[in-house]
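Below: the structure, in C-alpha cells.
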Amino acid sequence: MTNPIVARSLDEIQFWSRIMKEHALFLSLGFTYDQKQLIEEAQQFITVFERIEEKLNKYSINTDVRQIQAFNSEVYQSAAAIWNYKRKILGLTLRCEIRSNNYPLLVDHISREAAFFAKRLQELNEGKLVPEQDSIIQENVFFLKIMADHAKFIGHLLDPSERKLVEQAREFSQDFDQLVFQAIDLDSMRPQSETKPMLNQFLNQNKVSVKSLRDFKKTARELIEECRIKSNIHPLLADHTFREAERFLEIIDLFEASLQTK
C-alpha cells in the first residue's frame with residue numbers, strides 16, 4: 001500500500017527543486033559581469049538541484065518511506081543552503097555592497113520560498129501531510145504575499161509603453177495586498193476565527209482572485225513567448241510565476257478537502 005508521505009514528498013521535491021534551480025538562474029542573470037563569485041555560486045546551486053531532480057527519478061510512490069525521509073533530509077540541506085545564499089545576497093544588496101538587477105524584494109521573495117520548501121520537508125518527515133487547520137490562514141498569508149509580489153514584479157518588468165498590461169498588474173498588486181491584510185486580520189483573531197464557515201469563505205475568496213491572476217499570467221506568458229509584447233521578462237520567469245499560481249490553487253483545494261473531513 002502506498003504511503004501518502006512518500007507520494008507527497010516526491011511531489012513537493014519535484015515542484016520546489018525546479019523552482020529553486022530557476023531561482024539560481026534568475027539571480028545569475030541579474031548580476032553584473034564583474035560579480036563572478038556570486039554568479040559561480042548561483043551556477044553551483046543550479047547543479048545541486050539538477051542532481052536532486054536526477055536522483056528523484058530513482059524513487060517511486062512504492063519506495064520505502066524511510067528512504068524518502070532520508071532523501072527529504074538531504075534535500076532539506078540544499079534548501080537551507082540556498083536560503084542562506086539568498087539572504088547573503090539580500091544583505092549585500094541592502095548594504096549597497098553590490099549593485100545588480102535583482103530587486104531586494106525579489107531576493108527576499110525567493111528566500112521566503114526556500115524557507116517554505118525546507119519547512120515542508122521537515123513537516124513531511126514529522127508525518128504531516130498538509131498543515132493543520134490552525135495553519136491554513138498563515139499558509140495563505142504566505143502565498144497571498146507571493147502572488148502580490150508577482151504582480152509587482154510583472155508591472156516593473158513590463159515596458160512602460162505596455163500601459164494596459166502595466167495597469168492590470170497594478171490592479172492585481174492592489175487586490176492581493178488587500179487579501180494579505182485581510183488574511184493577517186483573520187490570523188490575529190485566531191483561534192476564534194478558525195471556524196469551518198469562515199475558513200471556507202476565506203479560501204473561496206482567495207481562490208477566485210488566484211484564478212484570475214493565474215489566467216493573467218498565462219496570457220502574459222503566451223504573449224512573451226510569441227514576442228508580442230515589450231518587456232524584460234524572461235519567458236522562463238513568466239512560466240515560473242504561472243506554475244506557482246497553479247500550485248497555490250492546488251493547495252487551496254487540499255485545504256478545502258481537509259476541512260470537509262473534519
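No hydrogens, no waters, no symmetry mates; every other heavy atom, side chains included, goes into these values.
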Solution key, residues 148-158 side-chain donor-acceptor pairs under 3.5 Å, sequence neighbours excluded:
unit_1, atom_1, unit_2, atom_2, d
Asp149, OD1, Lys145, NZ, 2.9
Asp149, OD2, His109, ND1, 2.9
Asp149, OD2, Arg112, NH1, 3.2
Asp149, OD2, Arg112, NH2, 2.8
His150, ND1, Lys217, NZ, 2.7
His150, NE2, His109, NE2, 3.3
His150, NE2, Glu244, OE1, 3.0
Lys152, NZ, Ser173, OG, 2.9
Lys152, NZ, Asp177, OD1, 2.8
Lys152, NZ, Asp177, OD2, 3.1

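Side-chain atoms of His240 and His23, non-hydrogen and from C-beta on, do get closer than 4.5 Å to each other. Using a 4.5 Å heavy-atom threshold, the side chains of Gln168 and Leu165 count as touching. Counting only heavy atoms from C-beta outward, the side chains of Leu92 and Arg95 approach each other to under 4.5 Å. Side-chain contact check for Phe143 versus Asn140: every heavy-atom pair is 4.5 Å or farther apart. No side-chain heavy atom of Ile68 sits less than 4.5 Å from a side-chain heavy atom of Ile5. You'll find the side chain of Asn72 reaches within 4.5 Å of the side chain of Ile13, heavy atoms only. Contact annotation: the side chain of Ser9 never approaches that of Leu121 to less than 4.5 Å [non-hydrogen atoms, C-beta and beyond]. In this structure the side chain of Ile146 never reaches within 4.5 angstrom of the side chain of Phe176, judged on heavy atoms.
In terms of heavy atoms, Ala238 sits closest to Arg221 at CB-CA, 3.9 Å. Contact between Pro4 and Leu129 at its shortest, heavy atoms only, is O-CD2, 3.4 Å. Closest of all the heavy-atom pairs between Trp83 and Ser111 is CD1-O, 3.1 Å. Here the closest non-hydrogen pair linking Leu144 and Leu179 is CD1-O, 3.7 Å. Nearest heavy atom pair, residue Ser28 against residue Ile39, reads O-CG1, 4.2 Å. Ile61 and Val6 get closest at one heavy-atom pair: O-CG1, 3.7 Å.
Using a 4.0 Å cut-off between a side-chain N of Lys or Arg and a carboxylate O of Asp or Glu, Arg228 and Glu222 do not qualify as a salt bridge. Comment: Arg18 engages Asp239 in a salt bridge, judged by a side-chain N to carboxylate O separation of less than 4.0 angstrom. Using a 4.0 Å cut-off between a side-chain N of Lys or Arg and a carboxylate O of Asp or Glu, Arg87 and Asp108 qualify as a salt bridge. Ion pairing of Asp11 with Arg8 is present here, as a side-chain N (NZ or NE/NH1/NH2) and a carboxylate O approach within less than 4.0 Å.
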Could you walk me through whether Leu259 and Ile136 satisfy the side chain to side chain contact (heavy atoms under 4.5 Å, CB included) test, starting with their C-alpha distance in whole Å, then the side-chain angles of each, then the deciding distance to 0.1 Å, before giving a yes or no? CA-CA 10 Å; Leu259 285 175; Ile136 289 177; 4.1 Å; yes
Let me see the working for Leu38 and Lys88 under side chain to side chain contact (heavy atoms under 4.5 Å, CB included), right down to the final yes or no. CA-CA 10 Å; Leu38 294 174; Lys88 179 180 76 172; 4.2 Å; yes
Let's go through Phe45 and Met20 carefully: what are the C-alpha distance in whole Å and the side-chain angles of both, what is the deciding distance for side chain to side chain contact (heavy atoms under 4.5 Å, CB included) to 0.1 Å, and is it a yes or a no? CA-CA 8 Å; Phe45 278 113; Met20 295 300 112; over 6 Å; no
Run the numbers on Glu22 and Arg243 for salt bridge (charged side-chain N to carboxylate O under 4.0 Å, His left out), then give the verdict. CA-CA 12 Å; Glu22 291 171 355; Arg243 278 182 272 120; 2.9 Å; yes
Intermediate values then yes/no, side chain to side chain contact (heavy atoms under 4.5 Å, CB included), Thr195 and Met198: CA-CA 5 Å; Thr195 66; Met198 201 159 288; 3.2 Å; yes
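Atoms CG and CG, on Asn3 and Asn62 in that order, are 10.5 Å from each other to the nearest 0.5 Å. Atom CZ of Phe71 is separated from atom NZ of Lys58 by 9.5 Å, given to the nearest 0.5 angstrom. Rounding to the nearest 0.5 Å places CD1 of Ile89 at 11.5 Å from CG of Leu94. Separation of atoms CD1 (Ile252) and CZ (Phe202) is listed at 8.5 Å; rounding is to 0.5 Å. With rounding to the nearest 0.5 Å, the separation of CD in Glu194 from OG in Ser135 is 8.0 Å. Taking CG from Asn232 and CG from Asn101, the interatomic distance works out to 8.5 Å, rounded to the nearest 0.5 Å.
In this structure, Arg99 places its CZ atom where only 12 or fewer heavy-atom neighbours from other residues, nucleotides or ligands lie under 6.0 Å away. Under a cut-off of 6.0 angstrom, the local environment of CZ in Arg51 is sparse, with at most 12 non-hydrogen atoms contributed by other residues, nucleotides or ligands. Heavy atoms from other residues, nucleotides or ligands lying under 6.0 Å from NZ of Lys218 number 12 at most.
Of the possible polar contacts, one joining the Asn200 side chain to the Lys196 backbone as a donor-acceptor pair under 3.5 Å is found. Put simply, the side chain of Ser231 never gets that close to the backbone of Asp159: no donor and acceptor are under 3.5 Å apart. Side-chain atoms of Asn125 come within 3.5 Å of backbone atoms of Gln69 as a donor-acceptor pair (strictly under, hydrogens ignored). The backbone N or O of Gln43 lies less than 3.5 Å from a partner atom in the side chain of Thr47, making a donor-acceptor pair.
Under a hydrophobic-cluster definition in which Ile, Leu, Val, Met, Phe, Trp and Tyr are linked whenever side-chain heavy atoms come within less than 4.5 Å, directly or via other members, Leu186 and Ile184 are assigned to the same cluster. Transitive grouping of hydrophobic side chains (ILVMFWY, heavy atoms separated by less than 4.5 Å) brings Leu105 and Val180 into a common cluster.
Figure legend: Arg214 and Phe242 shown without cation-pi pairing, the cationic atom not lying both under 6.0 angstrom from the six-membered ring centre and within 45 degrees of its axis.
Between Phe142 and Phe116, the angle of the ring planes stays under 30°, which puts this pair in the parallel group of the 30/60° scheme. Between Phe49 and Phe117, the ring-plane angle classifies as tilted under the 30° and 60° cut-offs.
Side-chain contact of Asn102 with Thr93: a donor-acceptor pair under 3.5 Å is absent, judged by distance alone. In summary, the side chains of Ser209 and Asp175 do present a donor paired with an acceptor at a separation below 3.5 Å, with no hydrogens or angles considered. Glu53 and Gln14 share no donor-acceptor pair across their side chains, judged by distance under 3.5 Å alone.
Qualifying side-chain contact (heavy atoms from CB on, under 4.5 Å) partners for Glu171, counting only residues two or more places apart in sequence or in other chains: Glu167.
Under the side chain to side chain contact (heavy atoms under 4.5 Å, CB included) test applied with Phe26, the options Leu106, Ile110, Leu236 reduce to a single match, Leu236. Under the salt bridge (charged side-chain N to carboxylate O under 4.0 Å, His left out) rule, Glu12 has a single partner from Lys128, Lys119, Arg120, which is Arg120.
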